[in-house]
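Here's the structure, in structure tokens; my notes come after.
Here the structure is a predicted model, which is why all the values come from computation and not from measurement.
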Amino acid sequence: MNFERLNAYRIMWVIVMFDLPTTTKEDRRIYTKFRKDILSDGFSMFQFSMYLRHCSSSENANVHIQRVKKILPSKGHVGILNITDKQFGMIEIFNGRSQVKSPEAVQQLELF
């Protein structure tokens, strides 16, 4: 097994944060489509309007970043952040003032 592939500095997380308008029916339709599209690309909701995806490498992360860029809505704000698994592992999460356990690292199975 190649342990270089499991290096916490090689494994990446892509975080998509967005604030899209929802004032009109058309705005809500666009918001819903964008959300469904990133979910179908393997992103998971971390918080409202903040979705993340585990990627096995920076090359794989770039593929998903490009997919998000292709579906960007014409209005609203979207931020895309790419961080290492090591950086993500240092996250501190709170529910009120109580600290919550951080999400477990995703184990990916590779088939050849």
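By the salt bridge (charged side-chain N to carboxylate O under 4.0 Å, His left out) test, K86 pairs with no residue at all, sequence neighbours left out. Not counting sequence neighbours, E92 has no partner by the side-chain hydrogen bond (donor to acceptor under 3.5 Å, both in side chains) test. Every residue meeting the side-chain hydrogen bond (donor to acceptor under 3.5 Å, both in side chains) condition with R29, not counting sequence neighbours, appears here in chain and number order: E26. Listed by chain and residue number, K69 satisfy the side chain to side chain contact (heavy atoms under 4.5 Å, CB included) test with Q66 (two or more places apart in sequence, or in another chain). Residues passing the side-chain hydrogen bond (donor to acceptor under 3.5 Å, both in side chains) test with Q99, sequence neighbours excluded: none. Shown here are the side-chain hydrogen bond (donor to acceptor under 3.5 Å, both in side chains) partners of D41, two or more places apart in sequence or in another chain: H64, R67. In this structure, the side chain to side chain contact (heavy atoms under 4.5 Å, CB included) partners of M50, at least two apart in sequence or on a different chain, are I15, M17, F46, Q47. S58 is linked by a side chain to side chain contact (heavy atoms under 4.5 Å, CB included) to M12, counting only residues two or more places apart in sequence or in another chain.
Taking CD1 of I11 as the reference point, atom OG of S56 lies at 8.0 Å (rounded to 0.5 Å). Rounded to the nearest 0.5 Å, atoms NZ (K33) and OG (S40) are 8.0 Å apart.
The shortest distance between side-chain heavy atoms of N60 and R53 falls below 4.5 Å. A heavy-atom distance below 4.5 Å is found between the side chains of T32 and K36.
Across every non-hydrogen atom of P21 and G76, the tightest pair is CD-CA, 3.8 Å.
Among pairs with a residue in residues 75-84, those fulfilling side-chain hydrogen bond (donor to acceptor under 3.5 Å, both in side chains) read D27-K75, T84-Q87, at least two apart in sequence or across chains. For residues 15-24, there are no salt bridge (Lys or Arg N to Asp or Glu O under 4.0 Å) pairs, not counting sequence neighbours.
When hydrophobic side chains of Ile, Leu, Val, Met, Phe, Trp and Tyr are connected at separations under 4.5 Å, Y31 ends up clustered with V14, V16, F18, L20, F34, I38, L39, F43, M45, F48, Y51, I65, V68, I71, L72, V78, I80.
When hydrophobic clusters are built by joining Ile, Leu, Val, Met, Phe, Trp and Tyr residues whose side-chain heavy atoms come closer than 4.5 Å, directly or via intermediates, V100 is grouped together with W13.
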